[in-house]
Amino acid sequence: QVQLVESGGGLVQPGGSLRLSCAASGSIVSINAMGWYRQAPGKQRELVAAITSGGTTNYADSVKGRFTISRDNAKNTVYLQMNNLKPEDTAVYYCNADVVILGWGKAGYDYWGQGTQVTVSS
């Protein structure tokens, strides 16, 4: 019913920048919170940043001041601008969205993207 498609990952040198995008499509009425998570090898998935439909943001302490989350509600898309990247930012980044689906009532349902690899290395 809903698909989340991520793009923008890749290999970057320390200190570099990347911008991730995640577009939601399908039978969408509205999207509540959207967010980015990441999972490094051997570690649990962790929240990187989240944004409400009204634009309130929340960041992990490790990325504050370096990453910026934003969204375009008209396009059902969330972005993650990542600056001053560090090797410890290397992980698979996943998009997450709480989606209200046409014909399914007012409750939101949790969807995940397929993940995009970010590698920070010289």
Would you check if the side chain of [X] reaches a backbone N or O of [Y] as a donor-acceptor pair within less than 3.5 Å?
X: Thr68; Y: Gln81; answer: no
X: Glu6; Y: Cys95; answer: yes
X: Glu46; Y: Gln39; answer: no

Heavy-atom side-chain contact between [X] and [Y] under 4.5 Å:
X: Trp104; Y: Gln1; value: yes
X: Val48; Y: Leu80; value: yes
X: Arg45; Y: Trp112; value: yes
X: Tyr111; Y: Ile101; value: yes
X: Val78; Y: Ile69; value: yes
X: Ile28; Y: Leu102; value: no
X: Leu18; Y: Val118; value: yes

*Are Tyr37 and Leu85 in one and the same hydrophobic cluster, where Ile, Leu, Val, Met, Phe, Trp and Tyr link if side-chain heavy atoms are under 4.5 Å apart?*
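Different clusters.
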_Cluster overlap Val5 with Ile31, hydrophobic side-chain contacts below 4.5 Å_ =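 No, Val5 and Ile31 fall in different hydrophobic clusters.
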*Going through the checks in order, is the side chain to side chain contact (heavy atoms under 4.5 Å, CB included) test met by Val2 and Ser25?*
CA-CA 6 Å; Val2 173; Ser25 62; over 6 Å; no
Please give me the minimum heavy-atom distance between [X] and [Y], naming the atom from each residue.
X: Gly9; Y: Leu20; result: N-CD2, 3.6 Å
X: Pro14; Y: Ser121; result: CD-C, 3.6 Å
X: Ser70; Y: Ile51; result: CA-CD1, 3.9 Å
X: Asp98; Y: Asp110; result: OD1-N, 4.4 Å

*Between CG of Asn96 and CG of Leu4, what distance do you get to the nearest 0.5 Å?*
7.5 Å
_Approximate separation, where rounding is to 0.5 Å, of Lys64 NZ and Asn58 CG_ = 7.0 Å
*Gln44, CD atom: more than 12 neighbouring heavy atoms under 6.0 Å*: no
*Could you tell me which residues satisfy salt bridge (charged side-chain N to carboxylate O under 4.0 Å, His left out) with Arg66, sequence neighbours excluded, listed by chain and number?*
Asp89
*Kindly assign one of parallel, tilted or perpendicular to the pair Tyr93 and Phe67, based on the angle between their ring planes and the thresholds 30° and 60°.*
tilted
*Would you please name every residue forming a side-chain contact (heavy atoms from CB on, under 4.5 Å) with Ser62, sequence neighbours left out?*
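Testing Ser62 for side-chain contact (heavy atoms from CB on, under 4.5 Å), a comparison that skips the adjacent residues, returns Arg38, Ala60.
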*Should the pair Arg71 and Tyr79 be classed as cation-pi, given the thresholds of under 6.0 Å to the six-membered ring centre and 45° from the axis?*
no
*Is it true that Trp36 and Tyr94 have ring centroids separated by less than 6.0 Å?*
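No, too far apart.
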_Applying side chain to side chain donor-acceptor pair (under 3.5 Å) to Asn83 and Ser17, what does each step give before you reach the verdict?_
CA-CA 4 Å; Asn83 298 329; Ser17 297; 2.9 Å; yes
*When you check the side-chain N and O atoms of Thr119 and Gln117, is any donor under 3.5 Å from an acceptor?*
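Thr119 vs Gln117: donor-acceptor pair found between side chains.
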